[in-house]
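Notes follow the structure.
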Amino acid sequence: MRLVIMGPPGAGKGTQAPWIKEKYSCCHLGTGDMLRAQVAQKTDLGRQAKKIMDQGGLVSDDIMVNMIKMELDNNKECRNGFILDGFPRTVAQAEKLDDMLGNKSQPLKHAVELQINDDLLVARITGRLIHPASGRSYHKVFNPPKKEMTDDVSGEPLIQRSDDNEDALKKRLATYHDQTAPVTDYYRKTGVWTGIDASQEPGAVWKSLLGVFEKGA
Ligand code: AP5
Ligand code: ZN
């Protein structure tokens, strides 16, 4: 599996990616999760990134490209393939990724866009709860944990992301339409793009994804 999973905030990238990882035994590189780990560790990058993330902006292309390159080169879980979730987010990132994969003779197989109308995303984002250590996400209504505010697997507390409020979401959506939507056109041109309906319930989205992977790009 060599996959980019795209879609606006709340489309379901982080919900579907662990299922894909399990089925195809590849790594799941979520750039938002990686940045939140830097914030939690209070690194310099984490401090800079938190401000940008809370305002719904984008961290610089160079930082993000290097972060992904490090993982693809060194993370043993990625030997069998990868799922990129939240990257690339600009056409410049997509071009750099193609260069990187071209050098390894491991071109991208699929760029799947989770397509969904903006008005469905407010409820998904404002109801989300996450387990910071694993990146697992739940929803107060659509996917509640077994025990209130507690991760099903570790028993640790769940939290809300600091960018999961209506104001930050508006800015994240504007950034998505402005800077990330052109990446879908880029992948249409390179022939790896498929769009699927992400407004369906999670199990139906999963079946649509499997349909894409099984028929090939
Ligand atoms: P990131 O963490 O990538 O955030 P995002 O793109 O805004 O996406 P989300 O994580 O909000 O959405 P998701 O699609 O994963 O939704 P989920 O599955 O959790 O990035 C955060 C920030 O980091 C960016 O804003 C930027 O500042 C920075 N950044 C990251 N990458 C970068 C890059 N490459 N370049 C520059 N900056 C970068 O689902 C959402 C909720 O809905 C959950 O509660 C879930 O349970 C529920 N749900 C999921 N699917 C369904 C369904 N089918 N039906 C009903 N509910 C559902
Ligand atoms: Zn996510």
Side-chain angles (χ1 to χ4, degrees), residues 1-34 58 61 64-65 68 71-72 77-121 124-125 128 135 137 139 142-143 172-217:
M1 178 58 63
R2 291 194 296 277
L3 165 72
V4 164
I5 188 162
M6 300 185 59
K13 306 179 293 291
T15 299
Q16 300 292 328
W19 300 343
I20 306 169
K21 171 180 169 159
E22 195 182 320
K23 182 164 170 68
Y24 294 96
S25 308
C26 55
C27 64
H28 168 206
L29 304 180
T31 42
D33 296 331
M34 289 154 76
L58 294 183
D61 288 339
M64 301 314 299
V65 167
I68 286 293
E71 290 292 321
L72 291 179
E77 281 191 355
C78 300
R79 280 185 190 159
N80 221 1
F82 54 79
I83 305 155
L84 302 182
D85 154 10
F87 182 96
R89 247 179 164 90
T90 61
V91 171
Q93 291 181 15
E95 288 169 347
K96 293 263 172 56
L97 176 66
D98 270 350
D99 288 348
M100 226 185 281
L101 297 177
N103 289 337
K104 292 173 180 289
S105 304
Q106 290 182 342
L108 200 62
K109 277 196 185 145
H110 303 281
V112 177
E113 180 187 358
L114 299 181
Q115 298 179 300
I116 181 164
N117 213 296
D118 284 4
D119 18 319
L120 292 173
L121 299 173
R124 286 196 187 183
I125 288 291
R128 171 165 53 190
S137 75
H139 191 281
F142 307 141
N143 177 26
R172 285 157 64 196
L173 282 170
T175 304
Y176 183 82
H177 291 302
D178 190 36
Q179 305 207 47
T180 308
V183 178
T184 62
D185 294 331
Y186 176 87
Y187 285 130
R188 278 179 219 252
K189 283 183 201 140
T190 59
V192 290
W193 178 89
T194 315
I196 66 173
D197 175 8
S199 67
Q200 316 170 84
E201 53 93 18
V205 175
W206 172 236
K207 280 199 187 133
S208 303
L209 278 172
L210 287 181
V212 172
F213 302 150
E214 280 160 17
K215 84 169 163 27

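Predicted, not measured: the structure shown is a model, and the values here were computed from it. We use all heavy atoms of the structure for the numbers below, so side chains are in, but hydrogens, waters and symmetry mates are not.
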Distance-only donor-acceptor pairs under 3.5 Å for side chains of residues 80-94, two or more places apart:
residue	atom	partner	partner atom	Å
N80	ND2	S25	O	3.2
D85	OD2	H28	NE2	2.9
R89	NH1	G86	O	2.9
T90	OG1	D61	OD1	3.1
T90	OG1	Q93	N	3.0
Q93	OE1	R89	N	2.9
Q93	NE2	D61	OD1	2.9

Query raised in the report: For the residue pair T184 and A181, what are the closest heavy atoms and their distance?
Result: OG1-O, 2.6 Å
Requested in this report: Determine the sole option in L120, N117, L121 for which the side chain to side chain contact (heavy atoms under 4.5 Å, CB included) test with P8 is passed.
Outcome: L121
Report summary line: Between the CD1 atom in I20 and the CD1 atom in I5, the distance rounded to the nearest 0.5 Å is 4.0 Å
**Report entry** Y24 side chain reached by R2 side chain, heavy atoms, under 4.5 Å
**Finding:** no
Query raised in the report: Can any side-chain N or O of R172 pair as donor or acceptor with the backbone N or O of P9 at less than 3.5 Å?
Result: no
Query - Contact summary for R128 and S137, nearest pair of heavy atoms - result: CD-CB, 3.9 Å
Report task. Might you work through the side-chain contact (heavy atoms from CB on, under 4.5 Å) test for L58 and M64, ending with a clear yes or no? Result -> CA-CA 10 Å; L58 294 183; M64 301 314 299; over 6 Å; no
Query raised in the report: CG/L72 to CZ/R79 distance, rounded to the nearest 0.5 angstrom?
Result: 13.0 Å
Query raised in the report: Is any side-chain heavy atom of D118 less than 4.5 Å from a side-chain heavy atom of H177?
Result: yes
Query - Inter-residue atom distance T31.OG1 - I68.CD1, 0.5 Å rounding - result: 6.0 Å
Query - From T180 atom OG1 to E113 atom CD, the distance as rounded to the nearest 0.5 Å - result: 10.5 Å
Query raised in the report: SG of C78 to SG of C27, below 2.5 Å?
Result: yes
**Report entry** Any V4 side-chain heavy atom under 4.5 Å of V192 side chain
**Finding:** no
Query - Atom pair CE/CZ of M1 and F213 - distance to nearest 0.5 Å - result: 4.5 Å
Side-chain donor-acceptor distances from residues 198-210 under 3.5 Å, at least two apart:
residue	atom	partner	partner atom	Å
S199	OG	D197	OD1	2.7
Q200	NE2	D197	O	2.6
Q200	NE2	S208	OG	3.2
E201	OE1	G203	N	3.2
E201	OE2	A204	N	3.4
S208	OG	A204	O	3.1

Query raised in the report: Between OG1 of T194 and CG of L114, what distance do you get to the nearest 0.5 Å?
Result: 11.0 Å
Atom pairs and distances, side-chain donor-acceptor, residues 98-107, under 3.5 Å, sequence neighbours left out:
residue	atom	partner	partner atom	Å
D98	OD2	Y186	OH	2.6
N103	ND2	D99	O	3.4
K104	NZ	D73	OD1	2.6

